[in-house]
Structures are given as structure tokens and as C-alpha cells.
Amino acid sequence: MISKDTQIVETVTGNWLRFPNSFRKFHCLVELSDQLSLNINVKSGSVHVHKKDNDQVYQQIGELCITSSGRDVQCSVLSTAASAKESDTKTPPKQQSDAS
């Protein structure tokens, strides 16, 4: 049974994925596998990561923020509150800096 609280959204490859009605598609929606998708916001440099739940609806589990300053590239990973509760590991979000 399909919930009325969801919507279907087209990816860049033409596949259709189900998301909550609160989902807002940014510039590029990419399906990585049959379980994960990336919603890329080109202007802000953020990438929302979604995972398919038991009801076959993609729920946001985290956000990846990519910024650059001069020759430095910074990447921050944030998990959503819901995904933190479901996580088996209790590792803090990682930050990595990489000089290009």
C-alpha cells in the first residue's frame, strides 16, 4: 500500500524514487544503488544522502557539505537525528581537509 504522505521523483537517469512529501529536489538527484540516493545542491555545495526504508521510501540519513577556500577543499559529514538513532556505530561526524 502506498502512503499518501509520499511523492515520486525522477532521477537524472530517468528512474522514479519515492520520497516523503517534505522532500525537495535540488539540481541533481542521483541513485547510487537500489538503497541510496544523492540529492545535490550545486549552489550550496551540499549533498543530501537518502536511504530506502522498509516501506520503500527514501529517507534522509545525512548531509555532505563540500567547500573550498583557495587550494583547500573541506568536506563535512552530518548525520540526521533519525539516522543517528538507527546507527549501529557511535562515531562522530568526520571532517577532512584535502589540499588540491
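For reference, positions follow the sequence shown, starting with 1.
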Task: Residue list, side chain to side chain donor-acceptor pair (under 3.5 Å) with D55, at least two apart or on another chain - done: none
Open item on the list: Between T11 and V30, is the side chain to side chain contact (heavy atoms under 4.5 Å, CB included) condition met? List the steps.
Closed with: CA-CA 6 Å; T11 67; V30 179; over 6 Å; no
Open item on the list: Side chains of E31 and S33, heavy atoms from C-beta outward: is any pair under 4.5 Å?
Closed with: no
- [ ] Please say whether more than 12 non-hydrogen atoms of neighbouring residues, nucleotides or ligands are located less than 6.0 Å from NZ in K51.
- [x] no
TODO: Following the transitive rule for hydrophobic clusters with a side-chain heavy-atom cut-off under 4.5 Å over Ile, Leu, Val, Met, Phe, Trp and Tyr, establish whether L38 and L17 coincide in one cluster.
DONE: no
Open item on the list: In the structure I gave you, are the side-chain heavy atoms of H27 and N41 within less than 4.5 Å of one another anywhere?
Closed with: yes
Open item on the list: Can you confirm whether V57 sits close enough to P20 that some side-chain heavy atom of one is under 4.5 Å from a side-chain heavy atom of the other?
Closed with: yes
TODO: Give the intermediate values and the outcome of side chain to side chain contact (heavy atoms under 4.5 Å, CB included) for residues S76 and L64.
DONE: CA-CA 6 Å; S76 303; L64 177 68; over 6 Å; no
Task: Side-chain heavy-atom pair S37, L29 within 4.5 angstrom cut-off - done: yes
- [ ] Please lay out, stage by stage, how K25 and N39 fare under the test side chain to side chain contact (heavy atoms under 4.5 Å, CB included).
- [x] CA-CA 7 Å; K25 182 178 173 183; N39 189 21; 4.2 Å; yes
Open item on the list: Among Q60, H50, R18, H48, which residue satisfies the side chain to side chain contact (heavy atoms under 4.5 Å, CB included) criterion with F23?
Closed with: H50
Task: Single-linkage hydrophobic cluster, 4.5 Å side-chain cutoff, I66 and F26 together - done: no
Open item on the list: Under the rule for side chain to side chain contact (heavy atoms under 4.5 Å, CB included), what residues qualify as partners of S68, not counting sequence neighbours?
Closed with: V73
TODO: Kindly give the heavy-atom pair with the smallest separation between E10 and G14, and that separation in Å.
DONE: OE2-CA, 3.4 Å
TODO: Check whether any side-chain heavy atom of S69 lies under 4.5 Å from a side-chain heavy atom of Q74, and answer yes or no.
DONE: no
TODO: Could you walk me through whether Y58 and T6 pass the side chain to side chain contact (heavy atoms under 4.5 Å, CB included) test, one step at a time?
DONE: CA-CA 10 Å; Y58 283 82; T6 64; over 6 Å; no
Task: Q7 and N21: side chain donor to acceptor below 3.5 Å - done: no
Open item on the list: Under 4.5 Å between side-chain heavy atoms, counting indirect links through other Ile/Leu/Val/Met/Phe/Trp/Tyr residues: same cluster for I61 and V77 or not?
Closed with: yes
Open item on the list: I need the minimum non-hydrogen distance between T80 and G62, along with the two atoms involved.
Closed with: CG2-N, 3.8 Å
